[in-house]
Amino acid sequence: MMNEIRVEVISKDSFSGLGFGTVIEAGDIRADTETGQFNWWNKLAVITHKECSLGMVEAQPVEKVKNSSFEHHGKTTEMLIPTTTDVYLFLGKGKSGKKEELDLKSVKAFKLKAGQAVVLDPYIWHCAPIAGEKIPTRIFVLFENGTPEDDFFAYNTAEKENIVFKI
């Protein structure tokens, strides 16, 4: 069964209060330093990990934006930074009292613009970023070192619930 959901463009205003995490964008924030050669914004986000790992996802173009493969990390936040084009994210929360199970009714679709970043809170179910254009898209991923090996939980809604989300 296909479950169609509306895409929301991520902004600080649209994302705050939803409980998924934090949007990072300079936007209308005044730069801490303006030299004429560059502008510098300090502390747009604070990541509190002992040791961080920086990885990269290369999302391949798709005909239709859909997803049934979710993952979460219980001990760490995850920062996603699209570098070349916009990406789509499907995000969901864990069931009340059972964060390790995806609450299907909480799933939302978002468009994250190139030049923005998002920090996902621990236990937020998410898909790998999906290319928003017809070209491959690279996304930097920052989280606590060892997360893929020690703090990775997967859930496939097509296999477990016979549901695929699409926009």
Side-chain angles (χ1 to χ4, degrees), residues 3-50 52-59 61-62 65-67 69-96 99 102-133 135-145 147 151 153 155 165-167:
N3 189 354
E4 191 164 349
I5 53 181
R6 182 176 58 91
V7 174
E8 299 178 41
V9 176
I10 288 183
S11 70
K12 283 188 175 186
D13 292 336
S14 71
F15 206 67
S16 69
L18 295 178
F20 291 119
T22 305
V23 173
I24 303 165
E25 58 186 5
D28 57 359
I29 299 171
R30 183 177 171 89
D32 294 294
T33 303
E34 298 176 4
T35 69
Q37 183 178 355
F38 68 86
N39 295 336
W40 163 254
W41 289 264
N42 190 34
K43 292 186 183 177
L44 291 174
V46 176
I47 305 296
T48 56
H49 301 305
K50 297 174 279 185
C52 290
S53 170
L54 179 66
M56 183 183 293
V57 172
E58 185 174 77
V62 294
V65 178
K66 59 184 180 177
N67 180 64
S69 180
F70 290 85
E71 64 182 69
H72 80 73
H73 316 291
K75 297 183 277 189
T76 184
T77 58
E78 179 173 344
M79 181 184 286
L80 301 171
I81 310 164
T83 62
T84 51
T85 65
D86 301 346
V87 297
Y88 293 101
L89 299 171
F90 288 89
L91 305 178
K93 297 178 185 177
K95 290 181 179 177
S96 180
K99 293 180 181 179
L102 174 61
D103 178 357
L104 298 172
K105 293 178 182 168
S106 73
V107 175
K108 294 185 177 289
F110 294 96
K111 185 175 190 177
L112 181 63
K113 296 178 182 178
Q116 288 181 311
V118 66
V119 179
L120 301 177
D121 289 342
Y123 290 105
I124 294 301
W125 288 97
H126 58 282
C127 65
I130 300 169
E133 304 290 333
I135 59 173
T137 302
R138 290 187 171 171
I139 304 98
F140 286 118
V141 180
L142 180 72
F143 44 41
E144 188 168 317
N145 192 28
T147 294
D151 190 20
F153 303 91
Y155 192 89
F165 294 93
K166 71 173 189 169
I167 61 169

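We number each residue from 1, following the sequence as shown.
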Cut-off 3.5 Å, no hydrogens considered: what does the side-chain donor-acceptor table look like for residues 108-118, sequence neighbours left out?
from   : atom 1 : to     : atom 2 : distance (Å)
Gln116 : OE1    : Lys113 : N      : 2.8
Gln116 : NE2    : Ile10  : O      : 3.0
Gln116 : NE2    : Glu25  : OE1    : 2.6

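Remark: the backbone N or O of Arg138 is paired with a side-chain donor or acceptor of Thr83 at under 3.5 angstrom. Formation of a donor-acceptor pair under 3.5 Å by the Asn39 side chain with backbone atoms of Ala31 is not found in this model. Formation of a donor-acceptor pair under 3.5 Å by the Asp32 side chain with backbone atoms of Asn42 is found in this model.
Put simply, the residue from Leu80, Ile139, Ile130 that forms a side-chain contact (heavy atoms from CB on, under 4.5 Å) with Val87 is Ile139.
Residues Asp151 and Phe143 form no side-chain contact, since every pair of their non-hydrogen atoms from C-beta on lies 4.5 Å or further apart. Inter-residue side-chain proximity for Thr77 and Pro122 is flagged as met; some heavy-atom pair is nearer than 4.5 Å. Between Thr35 and Trp40, the closest side-chain pair of non-hydrogen atoms is not below 4.5 Å.
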Could you check Tyr88 against Val62 for side chain to side chain contact (heavy atoms under 4.5 Å, CB included), going step by step and ending with a plain yes or no?
-> CA-CA 11 Å; Tyr88 293 101; Val62 294; over 6 Å; no
Test Trp125 against Asp103 for side chain to side chain contact (heavy atoms under 4.5 Å, CB included), laying out the working first.
-> CA-CA 9 Å; Trp125 288 97; Asp103 178 357; over 6 Å; no
Evaluate the criterion side chain to side chain contact (heavy atoms under 4.5 Å, CB included) for residue pair Ile135 and Thr84; output intermediate values, then yes/no.
-> CA-CA 9 Å; Ile135 59 173; Thr84 51; 5.6 Å; no
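Nearest approach of Pro82 to Thr85, heavy atoms of both residues: CB-O, 3.5 Å. Pairing each heavy atom of Val23 with each of Ser11, the nearest pair is CG2-O, 3.8 Å. Of all heavy-atom pairs spanning Pro129 and Ala59, the tightest one is O-CB, 3.4 Å.
Judged as a side chain to side chain contact (heavy atoms under 4.5 Å, CB included), and not counting sequence neighbours, the contacts of Tyr123 are His72, Lys99. Not counting sequence neighbours, the partners of Asn3 by the side chain to side chain contact (heavy atoms under 4.5 Å, CB included) test are Ile5, Ile163, Phe165.
Remark: Leu54 CG to Ile81 CD1 distance equals 7.0 Å, nearest 0.5 Å. Here CG of Leu91 is found 8.0 Å from CZ of Phe70. Values are rounded to the nearest 0.5 Å. Residue Trp41 holds its CH2 atom at 10.5 Å from CZ of Arg30, rounded to the nearest 0.5 Å. One finds the OG1 atom of Thr147 at 8.0 Å from the NZ atom of Lys75 (value rounded to the nearest 0.5 Å). A distance of 8.5 Å separates SG of Cys52 from CG of Asn145, quoted to the nearest 0.5 Å. With values rounded to the nearest 0.5 angstrom, Ile167 atom CD1 is found 12.5 Å from Lys66 atom NZ.
Other residues, nucleotides and ligands contribute more than 12 heavy atoms inside 6.0 Å of the NZ atom of Lys93.
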